[in-house]
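Input: a single structure, listed below in C-alpha cells.
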Amino acid sequence: MPRLTLDDLYRLRLPSDPRLRPDGTSVAYTLTRADRETDENLDEIWLAAPGQEPRRLATGSLPRWSPDGRTLAYVRAVDGRPQIHLLPMDGGEPRTLTAAPLGAGAPVWSPDGTRIAFAGPYLPHPLDPAAPIVADRLDYKADGPGPLRGITTQVFVVDAASGETTALTGGDLHASAPAWSPDGGRLAFTASMEADRDLAPSGSVYEVDADGGEPKRLTGGDVLFLAVWQVGGRLVAAGMSTGATGHTRLYAVGPDGHEELRTGLDRNVMTGGPGYPGAPPRAYGDGLLFCARDRGRTHLYRFGPDGTAKLVGGGTEEVSVSGVSTAPGHYAYVAATPYSPGEVFLDGARLTAHMPAGLDLPAPQTRVFTAPDGTEVEGFLLRGGSGPGPLLLDIHGGPHNAWAPVFDGVHLYHHVLAARGWTVLTLNPRASDGYGEDFYTATRGAWGLADEQDFLTAVDELVADGTADPDRLAVTGYSYGGYMTCWLTSRTGRFRAAIPGGCVSDLTSLSGTSDAGLLLKTYEYPGDTAAQSPYTRVGEVTTPTLLLHGDADERCPVGQAEQWFAALREREVPVRLVRYPGGSHLFIVSGRPSHRYDYNERIIAWLEQWVSGSPS
Ligand SMILES: CSCC[C@H](NC=O)C(=O)N[C@@H](CC(C)C)C(=O)N[C@@H](Cc1ccccc1)C(=O)O
C-alpha cells in the first residue's frame with residue numbers, strides 16, 4: 001500500500017461539528033477540504049445516515065436543525081461575510097436569511113422554531129481600513145481578526161420568516177454564542193463587561209430577555225466563565241479559576257448563581273476549538289455527555305444524576321472526539337483515530353469513510369519515559385525503520401495542548417519522514433493536558449526550566465536503546481513547541497537541525513506584543529522572564545535553524561522569530577526565516593492550503609539538508 005505524501009493534503013476530507021436531526025435518524029456535519037485551485041479551505045454541509053451513502057447538501061458550515069427537523073440553518077459567505085441560510089429538507093433551494101453588515105455567527109434556533117439567535121460582530125459605523133488604529137486597552141487585537149478597530153460581539157435575534165434582525169445587547173463587550181431558555185423567553189451568554197477586563201481576566205454568565213432589555217448577571221467572582229449552553233432544561237457553563245492556570249470545569253448556572261458539576265475526574269473538560277478537540281456538553285437521558293482529555297486522548301463521558309462520570313463507548317482507546325450531538329436515545333460525534341483525522345459516528349457506529357482508502361498509515365507506539373526527578377512522561381513513536389536511525393522530536397504547543405496517537409491532517413511530515421526511515425517522537429511533557437491538574441500546571445513560572453529534562457530524557461533513552469542515532473537528531477515544534485525548540489538549541493548542541501514554528505524566543509517582548517500577553521505573563525510565566533526566555537542564551541546556539549512563522553500572527557508575533565533569526569545570522573549560524581503572508585497563529589491548521597503544504601515541505605527539506613545520511 002502507498003505511503004502518505006504531501007499531495008494527500010488535497011485529498012483529505014475533515015468532518016466536524018456533527019448535528020443529529022431531532023428524530024435521531026441522520027447527522028448533518030461540516031466537511032472541509034483543501035482546494036488546490038482556489039487555495040482555500042472549502043466547507044460543505046453533508047448528511048450521513050445509517051445504511052446510506054453520505055451526501056452533500058450545500059456549501060457552508062455550522063449546520064443547525066430546526067426543532068421540527070424540517071429545516072437546516074447554516075452559514076455561508078455572501079460578499080465575503082458569513083450569513084445565515086435556511087435549507088428546507090423536504091426539497092427546494094436554500095434561502096439567505098440574514099444580511100448582517102459584518103456577518104453572522106452560528107445559528108441557534110429558538111425552541112419554537114420561529115426565531116434564530118446568533119453572536120456576531122458589530123460596529124456602529126462603516127469600517128474604514130485606512131483609519132488610524134487607536135488602543136486604550138490591551139484587548140485591541142486578536143489573532144485571526146487582527147486589530148479589532150472598535151468592533152464588538154453582540155447577541156442578535158432574527159425572525160426565521162421575515163429575516164428581521166434585532167440586537168439584544170450593545171456596548172463594550174464580546175458575547176459568546178447565546179443559549180435559549182426552554183420557554184424561549186430569554187437568552188444566556190457569557191461576556192465580560194468590566195471596564196478594565198484587559199487587566200484582570202473575567203467572564204460571567206448573563207441572561208437577557210428575548211425581546212430586549214438590560215442583561216442580568218447570573219454569576220461572578222471566582223470563576224472565569226468561557227461559554228454557556230442550554231443542556232436538558234438547565235444552563236451549563238464552562239469555566240476556569242480566575243486565580244491561576246488550571247483545568248476547565250463545568251458548572252450548573254441558575255438565577256441564584258453557579259455550582260460545579262463535580263465529575264470526579266482529575267481531567268480537563270474539553271469544549272472544543274481550533275487545535276483542541278472536544279465538544280460542548282449535551283443532554284443525554286437523565287444526564288449529560290461531555291468531553292475530557294485523558295493522556296492526550298479526548299474521550300466522551302456521561303455525567304449521570306448520581307454525580308459520576310463514565311466513559312461512553314469504551315471502544316478503541318486511541319481516539320480523539322471532537323464535536324458531539326444528541327437526540328433522545330441517540331448520540332453522534334466525530335472521532336479521529338490512528339487511521340483517520342475524523343469520521344462521523346452515530347451511537348458508536350461509524351457512518352462515514354472520508355479518509356482516502358489504501359494508505360499505509362503505521363500506528364504510533366506508546367512509550368513512557370522517566371525524568372530525573374521521577375516524573376513519568378508519555379510519548380508516541382512513529383517508527384520509520386529498525387535500528388538506530390534519524391530521530392525528529394516534535395513538541396506540541398500550549399503548553400497545555402497534547403499529542404494523541406491519532407492521525408491529524410496538519411503534521412503530514414510525520415508520515416512522510418517515517419516512510420523515509422525517520423522515527424518521529426511526539427512527547428507529552430509536564431504541562432501537557434490529560435495527566436491531572438498538578439501535571440498541567442507544573443511549568444507555571446518555570447517555562448523551559450521545568451520541562452527541558454522531559455525532552456532530553458526521552459531522546460537519551462531512545463539513543464540508549466538503539467532507536468535513535470545520536471548523530472542524526474532533530475527537533476521541531478509549533479507555538480509553545482517553537483518556544484521549546486529555541487530553548488533546547490540554546491542549551492544543547494546535540495540536535496543537527498531545528499525548526500521552530502510560530503515560535504516564542506523572548507517572553508519579555510511577548511508579554512507586550514501578544515494578544516494574550518498579559519494572560520500569559522500572569523498565568524503561565526510569572527516571575528523571571530529572562531530566566532524563562534530562550535533569547536537570554538541565544539549566543540550559545542549552533543544548530544542550523546529554519547524559522548517558519550505566520551506573518552499576521554498576533555498570538556506569537558513574527559518579531560519573536562525575527563529576533564532569533566537576526567541573533568543567529570549575526571553569528572553566522574545557518575538560519576532561514578520563512579514568513580507566511582496573512583498567516584495567523586493557526587495558519588498551519590486553517591490557513592491557505594499552499595502555506596500548509598509549504599510548511600510541511602520545508603520541514604522535510606531542512607531535515608534532509610542538515611541531518612546527514614538521513615535515508616532519502
Ligand atoms: C493564558 S493564555 C492561553 C494561551 C494559549 N495556551 C494554550 O495552552 C496559547 O495560545 N498558547 C500558545 C503558546 C503561547 C502563546 C506561548 C500555543 O501553544 N498555542 C496553541 C495554538 C495552536 C493550536 C493548534 C495548532 C497550531 C497552534 C497550541 O499549539 O496549543
Side-chain angles (χ1 to χ4, degrees), residues 80-82 100-105 119-156 167 169-177 189-204 206 215 224-227 240 242 245 273-275 397 479-480 502-526 529 549-563 579-587 590-591:
R81 299 290 184 184
L102 295 177
Y122 174 73
L123 193 64
H125 53 75
L127 183 63
D128 174 5
I133 299 169
V134 179
D136 296 314
R137 285 194 324 222
L138 296 175
D139 54 359
Y140 63 93
K141 66 177 183 176
D143 185 56
L148 298 177
R149 300 173 181 272
I151 292 174
T152 59
T153 311
Q154 305 298 340
V155 174
F156 297 86
T169 61
D172 179 19
L173 63 95
H174 293 290
S176 71
F189 61 94
T190 59
S192 173
M193 301 189 193
E194 314 302 326
D196 292 337
R197 63 176 177 270
D198 60 323
L199 300 176
S202 62
S204 301
Y206 289 85
L224 192 168
F225 286 99
L226 305 163
M240 56 194 299
T242 56
T245 298
S479 197
Y480 184 86
C503 76
V504 169
S505 60
D506 176 1
L507 295 183
T508 302
S509 59
L510 184 77
S511 307
T513 58
S514 168
D515 67 337
L518 184 63
L519 284 177
L520 287 160
K521 186 167 73 172
T522 307
Y523 284 95
E524 293 291 347
Y525 57 79
T529 50
H549 217 105
D551 210 35
D553 187 335
E554 297 287 8
R555 182 59 47 93
C556 301
V558 70
Q560 295 293 316
E562 290 176 310
Q563 283 183 249
R579 301 165 54 158
Y580 293 88
S584 74
H585 193 53
L586 296 179
F587 87 93
S590 53

Heavy atoms only: give me the nearest [X]-[Y] pair and the separation to one decimal.
| X | Y | answer |
| --- | --- | --- |
| A516 | R555 | CB-NE, 3.6 Å |
| G103 | P121 | O-CD, 3.5 Å |
| P201 | Y523 | CG-OH, 3.2 Å |
| A175 | V155 | CB-CG2, 3.7 Å |
| A561 | H549 | CB-ND1, 3.4 Å |
| G171 | T152 | O-CG2, 3.6 Å |

Are [X] and [Y] packed together at the side-chain level, in the sense that at least one heavy-atom pair is separated by less than 4.5 angstrom?
| X | Y | value |
| --- | --- | --- |
| M240 | L226 | yes |
| L123 | H125 | yes |
| L138 | L199 | yes |
| D515 | P557 | no |
| Q560 | T513 | yes |
| D172 | M193 | no |
| R81 | P101 | no |
| C556 | S479 | yes |

Requested in this report: Take E562 and R579 through the side chain to side chain contact (heavy atoms under 4.5 Å, CB included) test and state the conclusion after the steps.
Outcome: CA-CA 10 Å; E562 290 176 310; R579 301 165 54 158; 2.7 Å; yes

**Report entry** K141/I133 under side chain to side chain contact (heavy atoms under 4.5 Å, CB included): CA gap, chis, key distance, verdict
**Finding:** CA-CA 10 Å; K141 66 177 183 176; I133 299 169; over 6 Å; no

**Report entry** salt bridge (charged side-chain N to carboxylate O under 4.0 Å, His left out) involving D553 - partner list, sequence neighbours excluded
**Finding:** none

**Report entry** Greater than 12 external heavy atoms within 6.0 Å of D128's CG
**Finding:** yes

Query raised in the report: Is the NZ atom of K521 crowded by more than 12 outside heavy atoms at less than 6.0 Å?
Result: no

Approximate separation, where rounding is to 0.5 Å, of [X] [atom1] and [Y] [atom2]:
| X | Y | atom1 | atom2 | result |
| --- | --- | --- | --- | --- |
| L519 | S514 | CG | OG | 8.5 Å |
| L518 | R137 | CG | CZ | 13.0 Å |
| T529 | L510 | OG1 | CG | 10.0 Å |
| T153 | Y122 | OG1 | OH | 13.0 Å |
| D143 | H585 | CG | NE2 | 6.5 Å |
| L127 | I151 | CG | CD1 | 5.0 Å |

**Report entry** A227 backbone acceptor or donor facing S176 side chain under 3.5 Å
**Finding:** no

Query raised in the report: For the side chain of Y480 and the backbone of V504, is there at least one donor-acceptor N/O pair under 3.5 Å apart?
Result: no

**Report entry** Derivation of the side chain to side chain contact (heavy atoms under 4.5 Å, CB included) call for Q154 and L173
**Finding:** CA-CA 7 Å; Q154 305 298 340; L173 63 95; 3.7 Å; yes

Query raised in the report: What orientation do F189 and Y206 show, parallel under 30°, tilted 30 to 60°, or perpendicular over 60°?
Result: parallel

Requested in this report: Return yes if a side-chain donor-acceptor contact under 3.5 Å exists between S511 and Y525, otherwise no.
Outcome: yes

